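To start, the structure under review is shown below, and the notes come after it.
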Amino acid sequence: MSNLADLKQQLKSLKLSGTLDTLEIRIMEAAQNQLSFTEMLSMILADELETRRNRRLQRLITNARLESDKTIESFDLHLTNQSTFSNPSTYYMQVY
């Protein structure tokens, strides 16, 4: 097996899919731009972090089960108990 194939298998085993998806592109960029090892590693890790952030955001949105047709205009902004909000410290104590 080639070094690249071994590396891809290791990334897959470590569940580093963000790195796995962009590895070949980053290797080519590093060669073309004569990047140092640490610069290339930094780019690869940034890709992984971005993939994880995006995956987390997508998971949170999915789990929130938001209605796609909701707009700010559709919310009822009239509070049922106005006295709760007249004293911010009271509101703070009730929420927390």
Side-chain angles (χ1 to χ4, degrees):
M1 219 186 261
S2 71
N3 287 341
L4 185 57
D6 289 340
L7 186 55
K8 286 183 173 185
Q9 185 59 43
Q10 291 167 342
L11 292 171
K12 190 174 182 177
S13 296
L14 292 169
K15 298 181 181 180
L16 297 173
S17 62
T19 303
L20 184 60
D21 293 341
T22 61
L23 180 64
E24 291 183 53
I25 295 168
R26 293 305 187 188
I27 289 172
M28 287 189 303
E29 285 179 359
Q32 289 173 350
N33 299 323
Q34 298 178 341
L35 299 177
S36 69
F37 174 76
T38 54
E39 290 171 320
M40 184 178 122
L41 182 59
S42 177
M43 289 186 339
I44 289 172
L45 293 176
D47 291 341
E48 182 64 34
L49 287 171
E50 181 179 352
T51 299
R52 288 178 183 223
R53 282 186 200 116
N54 290 340
R55 199 177 307 128
R56 179 178 182 269
L57 180 59
Q58 190 58 49
R59 186 179 65 248
L60 290 172
I61 290 170
T62 302
N63 290 344
R65 295 187 176 104
L66 299 173
E67 295 177 29
S68 60
D69 60 343
K70 279 288 188 183
T71 62
I72 192 69
E73 291 81 18
S74 67
F75 284 98
D76 182 11
L77 299 177
H78 294 91
L79 300 174
T80 56
N81 187 357
Q82 290 288 338
S83 63
T84 303
F85 295 99
S86 61
N87 183 353
S89 62
T90 305
Y91 174 71
Y92 180 82
M93 290 177 6
Q94 289 178 353
V95 172
Y96 302 99

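Every heavy atom of this structure was used, including side-chain atoms; hydrogens, water molecules and symmetry mates were not. What you see is a predicted model, and the numbers here were worked out from it, not measured in a lab.
- Remark: of the listed residues Ile44, Leu35, Leu4, Leu4 is the sole one forming a side-chain contact (heavy atoms from CB on, under 4.5 Å) with Ile27.
- Rounding to the nearest 0.5 Å places CG of Leu20 at 8.5 Å from CG of Leu7.
- Contact of the Leu16 side chain with the Arg52 side chain is registered, since non-hydrogen atoms from C-beta on lie closer than 4.5 Å.
- One distance of note links CG of Asn3 with NZ of Lys8; it measures 12.5 Å at 0.5 Å rounding.
- Residue Leu11 holds its CG atom at 8.5 Å from CD of Glu48, rounded to the nearest 0.5 Å.
- A 4.5 Å side-chain heavy-atom check between Asn33 and Glu39 finds every atom pair outside the cut-off.
- Note that the CD atom of Gln58 and the CG atom of Asn63 stand 10.0 Å from one another [nearest 0.5 Å].
- A donor-acceptor contact shorter than 3.5 Å is absent between the side chain of Thr22 and the backbone of Ile25.
- A salt bridge between Glu29 and Arg26 is present, with a side-chain N of the basic residue lying under 4.0 Å from a carboxylate O of the acidic one.
- Between Thr19 and Leu14 the shortest side-chain heavy-atom distance does not fall below 4.5 Å.
- Note that CE of Met43 and OG1 of Thr38 are 11.0 Å apart. Values are rounded to the nearest 0.5 Å.
- Between Gly18 and Arg55, the closest heavy-atom pair is N-NH2, 4.5 Å.
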